[in-house]
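Order of the sequence lines sets the chain letters (A, B, ...), proteins ahead of strands, with each chain counted from 1. Computed from a prediction, not measured in an experiment: that's the story for all the values here. Just the heavy atoms: all of them, side chains too, but no hydrogens, waters or symmetry mates, feed the values below.
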Protein chains: 2
Amino acid sequence: MRIGEVAAEAGVSVRALRYYEEQGLLDAERTASGQRRYPPGAVDRVRFIQSLYAAGLGSKAVLRILPCMDRGVLTDDMYERLLAERARVQAQLDDLTATRDKLDDVIRLSEAHRPGRAHHAGADACATAS
Amino acid sequence: MRIGEVAAEAGVSVRALRYYEEQGLLDAERTASGQRRYPPGAVDRVRFIQSLYAAGLGSKAVLRILPCMDRGVLTDDMYERLLAERARVQAQLDDLTATRDKLDDVIRLSEAHRPGRAHHAGADACATAS
DNA sequence: CTAGGACCTGACGTCGACGTCAGGGTCAAG
DNA sequence: CTTGACCCTGACGTCGACGTCAGGTCCTAG
């Protein structure tokens, strides 16, 4: 696949793919003229990279755990890192859950103070129209 | 409370508190000489701000939903934003959960390929010592 | 053969949440 | 009155994940 196709299918920019390669996260074959060619699995790999970035991991952390995908065999270090990053993600999950619950509290309280109002924008069957 | 105390108790830097004030997220009284004085509730407010930042919200988004904490009464706009940001957080939660599950898959697969190894660093009661 | 769309390599720009340094007041204790 | 910890206001530095522009190459259809 060419870089544009991968970018489109994975939902990222061409620049991002070049950046990933620069960071050692994504290899590509080259044609004789120097253009990148990707195997079909690259799309999933890019999606996974994105999800790791979204989980707050930096390029270095991603670089550390990506080799775990490539081989079934792991060094002790890689295994440790994998567990460490999982723990990070789980911690983030806990924090996020707490934050969501706080938001829910605020929403609930505000609804208690707005007894006459609709509780869902768009979900109100009340006579808003006409 | 003085800025240093608030910073210490909330676990952030003094610079961060001044930055929050600059962004309109945190008000402070001033002494005659211009030093900031905070009410005790400021600590919780700062912790909440932090959790919102950790949830991936920017200053502007935080600024939009913080007034919801101050008054029990909300405008329609504020209520909408509150719901919108909660939806964002929930979406992040879903993504993060998926990412964690992917990591778990990788970990499980790698464990299957390492049958002789301990599965938890530090949790192994095996004869590592002596 | 030619047009124009996709690709290439630099290399500088960006944006947010602070860190950090400079230069100078403030305040409770001795 | 002095010392040292704490506070103040600018204002520039940082770092990561790209955006974007410049200048040039490649390739496929007509």
[N] phosphate, OP1 or OP2, under 4.0 Å from [X] side-chain N/O:
X	N	value
B:R36	C:dT26	no
A:Y19	D:dA17	yes
B:S33	D:dC8	no

Round to the nearest Å and state the distance from [X] atom [atom1] to [N] atom [atom2].
X	N	atom1	atom2	answer
A:R15	C:dC8	CZ	P	12 Å
B:Y38	D:dC8	OH	C1'	12 Å
A:R2	C:dG5	CZ	P	14 Å
B:E5	C:dA28	CD	P	12 Å
A:L25	D:dA17	CG	P	9 Å

Of all pairs that satisfy side chain to side chain donor-acceptor pair (under 3.5 Å), the ones with a partner from residues 95-104 of chain A, not counting sequence neighbours: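 Listed once each, the pairs are A:R100-B:Q90, A:D104-B:R86.
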Short N-O contact, A:R108 and A:E111, less than 4.0 angstrom: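 No.
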Sugar-phosphate, base or nothing in reach of A:R37, heavy atoms under 4.0 Å: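 Touches nothing.
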Interatomic spacing from OG1 in B:T75 to CZ in B:R81 - rounded to 0.5 Å: 6.5 Å
